[in-house]
Each structure stands twice: as C-alpha cells, then as structure tokens.
Amino acid sequence: GENVEQHPSTLSVQEGDSAVIKCTYSDSASNYFPWYKQELGKGPQLIIDIRSNVGEKKDQRIAVTLNKTAKHFSLHITETQPEDSAVYFCAASFSSNDYKLSFGAGTTVTVRA
Amino acid sequence: NAGVTQTPKFQVLKTGQSMTLQCAQDMNHEYMSWYRQDPGMGLRLIHYSVGAGITDQGEVPNGYNVSRSTTEDFPLRLLSAAPSQTSVYFCASSLSSGVPNTGELFFGEGSRLTVL
C-alpha cells in the first residue's frame, strides 16, 4: 500500500510568517493529494487538494505544490493567523483509487501572536 | 443536513467486551470508511465500503468487522476489545467511489474509545 511521510511533526510560527509542511509518498501510481485540517475536538476537513496532472494550486493564503518525479508535495500557508493553528494532514491516494487515502502522521501548527 | 454522525462520542470498555460504533450520513454518499487516529501515526484506514452490500479491508482491519446494509449506515464492530484498540475512530464518507471523483472525504467528529 501507499506510505506517506510528513515533516515536521510540530511547527511554531510567528503570526504573519509563512508555514511549510512537506510530504513524500511511495506509490508512483498515486494521483490525488489532498490536505486536511483538524481543529481540536473535530474531524479533519479538506482545505486544498491537487491532482497529478497539476504542479501547483493556490487558494487565497494556502497553496500546494507537487513534484511527481521526486514523489513529494508541500503545503504553504502565507500570512499565518491564529485560526491557522491546528493539526494538518497530507494524504495520497492508494494507487489510482483516489477515494482510498493513506495519511501522513500530521503536523501540529501553532501560530504565535 | 447533519453530514456524518458518529455515536457514541466517548466509550470505555473492558478487555474482551464487544461494542458497535455507529456511523450515519445523510448526503447519499456511495463511499464510506472508518479510520483510527493514534498519536504520531496519523489516520489509518480500517475498513471501507463503495456501496450498500460491499465492504473491503483497509490497512489495519484485524479485530474489526463492518457491514453496509443501507447507503446511510456503516457500523464498526469490535468483537473482543483489546487495549491496542484504544484510539479515536473517525467515520468518513465521499460522494462517489468511481473515477473521476471529487475526492473530498467528509469526516464525523470522532468516537474516543478506551479499552482497559
């Protein structure tokens, strides 16, 4: 199955700075790479996703980049705000079945005021 | 719409006891799944279903059973609970299991299970 590694496990940033989380995956057939945000006591929620035919996608302050050759993808959050504090998970599809996802271990992001 | 509803939110079991975690969705989603979340290990897929009457194993299926008799419900059964099953369990659904797919998983709020 798919193996997804996520770094760092914790990240503390000053409000207004940028945050970057990186993930690598093992299955070269994976073609769908979502990012989920989990707030305390809640279930994860999709914030952005990218497919293998696209190298970069942006939505307001968040962006995701994908390097299929190197099998890694990254989440970029610019101008961080206190509400960005949460646990972020990257995921990759099991082979070409994009409804089955393998998740990274998660990154706890803390935005300092 | 309520989305994905999980019950109970908290449960304490003794080793060897059985129980069922309930999951229901009102979005007419084809795909439903169960994940467990453990510190430092992210979310791991236990079982999934691509439609009523169809289930399959995920990454960590041992000790768990599922069934899908209706589109709306996807219960997870622990037949003989073990301390290693102490975890937070999430049910998630998606509109379609086919390709192409929007891909978005909608998660419930989780069920925290402690096995003593």
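Labels below follow one simple rule: chain letters A, B, ... track the order of the sequence lines, proteins then strands, and each chain is numbered from 1.
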According to a 4.5 Å side-chain heavy-atom criterion applied to Ile, Leu, Val, Met, Phe, Trp and Tyr, with indirect links allowed, do A:Ile62 and A:Ile21 form part of one hydrophobic cluster?
yes
Indicate yes or no for a side-chain donor-acceptor contact from A:Tyr36 to the backbone of B:Leu105 under 3.5 Å, with no hydrogens or angles considered.
yes
Between A:Leu101 and B:Tyr31, is there a shared hydrophobic cluster once you connect ILVMFWY residues whose side-chain heavy atoms come closer than 4.5 Å?
yes
Minimum-distance pair of heavy atoms, taken over all atoms of B:Gly40 and A:Ala105
O-CB, 3.4 Å
Kindly work out whether a path of hydrophobic side-chain contacts (I/L/V/M/F/W/Y, heavy atoms less than 4.5 Å apart) joins A:Val20 to A:Tyr88.
no
For residues A:Ile77 and A:Phe33: do they belong to one hydrophobic cluster (side chain heavy atoms under 4.5 Å, members Ile, Leu, Val, Met, Phe, Trp, Tyr)?
yes
Please determine whether side-chain contact (heavy atoms from CB on, under 4.5 Å) holds for the pair B:Phe106 and A:Leu46, giving the CA-CA distance in whole Å, both sets of side-chain angles, and the decisive distance to 0.1 Å.
CA-CA 8 Å; B:Phe106 292 83; A:Leu46 179 72; over 6 Å; no
Go through the atoms of A:Pro44 and report whether side chain, backbone, both or neither lie under 4.5 Å from a heavy atom of chain B.
both
Between A:Gln38 and chain B, with a heavy-atom cut-off of 4.5 Å, which part of the residue counts as in contact: side chain, backbone, both or neither?
side chain
Part of B:Leu45 lying under 4.5 Å from any heavy atom of chain A
side chain
Looking at A:Glu79, I want to see if its CD is surrounded by more than 12 non-hydrogen atoms of other residues, nucleotides or ligands under 6.0 Å.
no
Are side-chain heavy atoms of B:Glu104 and A:Pro34 found at a separation under 4.5 Å?
no
Evaluate A:Phe89 against B:Gln37 for side-chain contact (heavy atoms from CB on, under 4.5 Å), listing each step before the verdict.
CA-CA 11 Å; A:Phe89 293 97; B:Gln37 182 176 20; 3.1 Å; yes
In terms of hydrophobic clustering (I, L, V, M, F, W, Y; side-chain heavy atoms under 4.5 Å; direct or indirect links), are B:Tyr35 and A:Val87 co-clustered?
yes
